Amino acid sequence: MSNERYEYAKAKYAELGVDTEAAILALSDERISIHCWQGDDVGGFEKNSGSLSGGIAATGNYPGKARNPQELMADIDKVLSLVPGKHKINVHAIYAVTDGPVDRDKLKPEHFKVWVDFAKKRGLGLDINPTMFSHPMAADGLTLSHPDEKVRRFWIDHCKAMRKVGEYFGRELGITCVNNIWIPDGYKDTPADRFGPRKRLKEALDEILAEKIDKKYLVDTVESKVFGIGVESYTVGSHEFYMNYAANSDAICLLDNGHYHPTEVVSDKIPSMLLFSDKIALHVTRGVRWDSDHVVIFDEELKEMAKEIVRCDALDRVFLALDYFDASINRVTAWVTGVRNMQKALLFALLLPNEKLKALQDKGDFSRLLAMNEELKFFPFADVWQEFCRRSDVPADESWIDSVEEYEREVQSKRK
Ligand code: RNT
Ligand code: ZN
């Protein structure tokens, strides 16, 4: 099939001074960290694991959920066959593959060897997360800030163990691993002490991060939040807490766009953060009325976030990860939709005449700026996207949906 449509798009963008080839090249280099937990509703492989806790929730019971490492990895392979580019897989501690039960403070790199083998074979990177929820030691919703020193010790040791796993990932794969620390800690009702828990969290983090690990292999990120279900009144790890913590340590701020007040947008935070930090990290999600972790769609805020990353020339300064879990639709469809949308948003941003638009702003020509931004929405962006998919040997159009439906019939629906 000829590429007439792409050639037309290329010429059309060139009129604006935009090089579609450069955009495709930049996008191919961009690894997105694909969250393994979309495949099983944040379940994990621990033998006697209870239900999901920590103020987060996956709703729905669409059939075909992966029940073990083989099924989860098969589903990830399906996803990878339908998204362009080379990526990373984001693993949580509860996805360790152990013979017998191993408690989280005792986890070792060897318990994640299957993931390394999986990643190596496919040229992927790996990221890691301590899992500080869905565990008896987190039963009252407190972990690193717990008033009981024994509980804190358990979670501190868990976090230290996961840094070792992350270092192992980075060393084995030659791709920096992001170790993301998120804790559910908070209170349902107005607390009597807001300072104490944060002081304990700070001290716990200091201890966890005390060991210097080569940044080539591992970087540590800290993820804030505004509230969770059942912890509505107070969150220990708030945005201010971690922004200050990161500013005063080697840790990197991770911004999850579901974790702010509804009219507050992460896109606007990106340039401010990048002015003061060499690196930032993102969890891209979609909150509907609350931090509901809906599948990422190609909406205005996604595009706006991508634009900020591109305009700040920060593609290599932002660790991009997805974080959502929808159990009400086919989980592979959910995954593929989100990854492709994240990539589409980046491509959309890369195809904007950003310097020209900035110049309009500086000249004060807001009429042309507004009108141009609207016109750009109807530029032949889709043809460039399709060309990128074609070159990456993945479905360029909606035919990928049929492919997932077939997978559902042949594979997922047989899981009972
Ligand atoms: C929770 C945070 C956190 C989790 C994952 C599973 O609100 O977003 O990142 O979603 O660790
Ligand atoms: Zn998150």
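Because the structure is predicted, anything quoted here is derived from the model rather than measured. Ligands are counted one by one from 1 in listed order, and the atoms in each one are counted from 1 as well. Side-chain atoms are counted along with the backbone in the values below, which use heavy atoms only and exclude waters and symmetry mates.
- Cation-pi geometry between Arg198 and Tyr245 is not met: the NZ or CZ atom fails to fall both under 6.0 Å from the ring centre and inside 45° of the normal.
- Each of Trp37, Ile56, His92, Trp182, Glu223, Lys225, Asp256, His259, His283, Asp291, Asp323, Phe325 has a non-hydrogen atom positioned under 4.0 Å from some atom of ligand 1.
- For Lys358 and Glu355, the salt-bridge test passes: some basic side-chain N is under 4.0 Å from an acidic carboxylate O.
- Outside the 6.0 Å centre-distance limit, the rings of His92 and Trp182 are not counted as a close aromatic pair.
- For His259 and Asp291, the side-chain atoms include at least one donor-acceptor pair closer than 3.5 Å.
- Salt bridge Asp256/Lys225: absent, no basic N to carboxylate O contact under 4.0 Å.
- Sorted by chain and number, the protein atoms of type N, O or S within less than 2.8 Å of the Zn ion (ligand 2) are Glu223 OE2, Asp256 OD2, His283 ND1, Asp323 OD2.
- Residues Phe298 and Phe381 bring their aromatic ring centres within 6.0 Å.
- In this view, Glu167 and Lys164, Arg171 satisfy the salt bridge (charged side-chain N to carboxylate O under 4.0 Å, His left out) rule, not counting sequence neighbours.
- Salt-bridge formation is detected for the pair Asp250/Lys212: a Lys NZ or Arg NE/NH1/NH2 atom is positioned less than 4.0 Å from an Asp or Glu carboxylate oxygen.
- Listed by chain and number, the residues in a side chain to side chain contact (heavy atoms under 4.5 Å, CB included) with Arg163 are Asn179, Ile208, Leu209, Glu211, Ile213, Leu218, Asp220 (sequence neighbours excluded).
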